[in-house]
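Heads up: the structure comes next, in structure tokens.
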Protein chains: 2
Amino acid sequence: MKKTKDENTEEQILEAAKSVFQSKGMDGARMQEIADKAGINKAMLHYYYRSKQLLFEAVFNNAFSLLAPQLNAILNDDSSIEDKIKNFTSNYISFIVKHPYLPNFIIQELNRNQDFILKLKDKGFPNIEKFKKQVNEDVAKGLIKPISAEQLFINIMALNIFPFVAKPLIMAFTNSDDKNYKLLMEDRKTEVANFIINSIKTT
Amino acid sequence: MKKTKDENTEEQILEAAKSVFQSKGMDGARMQEIADKAGINKAMLHYYYRSKQLLFEAVFNNAFSLLAPQLNAILNDDSSIEDKIKNFTSNYISFIVKHPYLPNFIIQELNRNQDFILKLKDKGFPNIEKFKKQVNEDVAKGLIKPISAEQLFINIMALNIFPFVAKPLIMAFTNSDDKNYKLLMEDRKTEVANFIINSIKTT
DNA sequence: ACATTTGTTAACCACTTGGTTAAACCATAT
DNA sequence: ATATGGTTTAACCAAGTGGTTAACAAATGT
């Protein structure tokens with residue numbers, strides 16, 4: 001079959017592109033390096049993806065569609081706020097350990113090109129509305145201390161994502177090597193959830 | 001005097017380079033754009049700074065020496081932990097509003113080039129030791145709930161820095177325009193400190 | 001068997017990149 | 001005045017850059 005060969009190289013290109021784009025960014029990435037890593041001729045990149053920009057967008061959308069479901073677990077799940085925080089924290093950290101370049105890549109490129117966010121908003125972007133309702137209700141019931149849903153959501157994201165985005169800084173400040181850093185992150189699977197819940201639970 | 005002219009263009013170059021490097025990063029920045037922005041010939045950049053790499057390092061060190069004192073306020077000040085958190089949160093957010101590109105720039109470039117962190121460590125890098133001692137003592141005295149100094153420090157950094165690094169994401173999730181985003185950040189000057197203190201204070 | 005479509009390559013191209021050079025400029029010291 | 005020194009410029013350069021082309025290879029349909 002023709003398809004096997006066909007889909008194979010297309011997949012190999014995407015895999016190589018992912019690796020190069022995610023570690024060097026759009027500006028730092030070189031088409032030649034992607035071709036080399038995929039083990040094919042540079043012209044093939046254009047044959048399958050037409051331009052650097054389109055290849056990049058394929059990688060970016062791919063990455064974002066991995067991240068989005070993670071965030072939906074906080075925003076649109078039906079469980080209690082406490083459960084959401086516990087589950088998300090633990091799951092997200094496991095998730096990032098498997099995809100270490102992902103959060104940095106997305107944040108960096110969203111900052112570089114504001115237009116991306118508009119394109120993403122079209123096709124079903126995670127929305128805060130449901131979570132907002134839940135938080136407001138819980139506050140009204142006295143289950144958690146008064147806090148705006150936006151600020152709580154920002155805090156959850158910050159505590160979970162930042163340590164990976166700022167990995168080199170954190171390693172430097174805490175005098176950690178890679179092993180020590182990994183331990184710190186492992187601890188955070190429970191630490192972060194406790195930290196948040198301690199802060200918002202009513203006494 | 002010859003010096004006035006001399007120091008003037010050198011300063012203009014650095015200013016232009018700061019603006020370009022901080023918004024586009026090392027890879028995205030173009031020497032021609034820096035020259036244009038400084039209103040001078042491209043050759044002058046090399047006359048004063050020899051290479052793109054050295055010009056970039058001048059900008060980077062400059063940026064980092066602005067950020068370092070902010071972090072030292074948490075790590076090496078003599079005030080109580082609660083005061084530190086309150087002051088740092090408020091001060092840092094004000095600081096970043098004045099230098100919006102700074103945290104992203106530093107984090108991005110540290111991730112791109114691991115060697116930078118080694119160079120920084122030579123010349124007096126903020127150190128966590130004193131803060132660690134303080135936290136451990138306060139925990140022992142029962143003033144705050146048990147938490148490792150490293151995790152607390154990471155949390156403080158995360159809650160303060162992340163919202164600026166991930167500005168586009170946060171604006172998208174919270175459906176904010178620039179004005180609304182600014183309000184959110186303004187609120188955080190007190191929100192974040194309360195959030196942290198609520199979490200660690202003993203009841 | 002043969003024509004046609006699809007996949008792949010090497011060579012090439014126009015253009016941009018960071019960096020250099022040699023000559024001009026200009027304030028000052030003599 | 002003029003020689004001297006640092007400052008500034010226009011023109012240039014080699015090495016990449018993303019992208020194209022035309023010819024070749026391999027699979028597929030008839």
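Below, chains carry the letters A, B, ... as their sequence lines are ordered, and counting in each starts from 1.
Using a 4.0 Å cutoff on non-hydrogen atoms, no part of residues 19-31 of chain B comes near DNA chain D. For the segment residues 39-47 of chain B, residues with any heavy atom less than 4.0 angstrom from an atom of DNA chain C are, sorted by number, B:Lys42, B:Ala43, B:His46.
The rotation axes computed at either terminus of the helix from C:dA1-D:dT30 to C:dT30-D:dA1 lie 10° apart, taking five pairs at each end and rounding to 10 degrees.
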message: The test is salt bridge (Lys or Arg N to Asp or Glu O under 4.0 Å); show your working for A:Glu15 and A:Lys37 and say whether it passes.
response: CA-CA 9 Å; A:Glu15 211 51 43; A:Lys37 194 158 272 181; over 6 Å; no
message: Run the side-chain contact (heavy atoms from CB on, under 4.5 Å) test on B:Phe153 and A:Ile170 for me, step by step, so that the C-alpha distance in whole Å, both residues' side-chain angles and the decisive distance to 0.1 Å come before the verdict.
response: CA-CA 9 Å; B:Phe153 180 63; A:Ile170 285 174; over 6 Å; no
field: Verdict with reasoning, B:Phe116 to B:Phe64, per ring-ring contact (aromatic ring centres under 6.0 Å, His included)
entry: CA-CA 11 Å; B:Phe116 273 138; B:Phe64 199 84; 10.0 Å; no
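Rounding to the nearest 0.5 angstrom, the gap separating the OG atom in B:Ser23 from the NZ atom in B:Lys18 is 13.0 Å. The structure places CG of B:Asn113 at 9.0 Å from CG of B:Leu118, a figure rounded to the nearest 0.5 Å.
The interatomic distance linking A:Glu57 (CD) with D:dG18 (C1') rounds to 16 Å, in whole Å. Taking atom CD of residue A:Glu33 and atom P of nucleotide D:dG16, one finds them 14 Å apart after rounding to whole Å. Atom CD in B:Gln53 sits about 12 Å away from atom P in C:dG18, given to the nearest Å. Here C:dT8 presents its P atom at 16 Å from CG of A:Asp36, a figure rounded to the nearest Å. Going from atom OH of B:Tyr48 over to atom P of C:dG19 covers 18 Å, rounded to whole Å. Protein atom CD of A:Gln32 is 17 Å distant from nucleotide atom P of D:dA15, rounded to whole Å. Computed from coordinates, the A:Asn8 CG to D:dA26 P distance equals 17 Å when rounded to whole Å. Whole-Å rounding puts the A:Leu54 CG to D:dG18 C1' distance at 13 Å.
Remark: A:Lys52 pairs with no residue by the salt bridge (charged side-chain N to carboxylate O under 4.0 Å, His left out) rule, at least two apart or across chains. Scored by the side-chain contact (heavy atoms from CB on, under 4.5 Å) test, B:Ser148 finds B:Glu150, B:Gln151 as partners (sequence neighbours excluded).
Nearest approach of A:Ile200 to A:Leu152, heavy atoms of both residues: CG2-CD1, 4.2 Å.
For A:Tyr101 and A:Phe105, the ring centers are positioned 6.0 Å apart or more. Under the 6.0 Å cut-off for aromatic ring centres, A:Tyr49 and A:Phe56 do not qualify, their centroids lying 6.0 Å or more apart.
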Which side-chain N or O atoms in residues 178-186 of chain B pair as donor and acceptor under 3.5 Å with protein atoms at least two apart or in another chain?
unit_1   : atom_1 : unit_2   : atom_2 : d
B:Asp178 : OD1    : B:Lys167 : NZ     : 3.2
B:Tyr181 : OH     : B:Pro163 : O      : 3.0
B:Glu186 : OE2    : B:Lys189 : NZ     : 2.9

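Residue A:Thr9 places at least one side-chain N or O closer than 4.0 Å to OP1 or OP2 of C:dT8.
Here C:dG19 is the nucleotide among D:dG18, D:dT8, C:dG19 with the atom lying nearest to any side-chain atom of B:Lys52.
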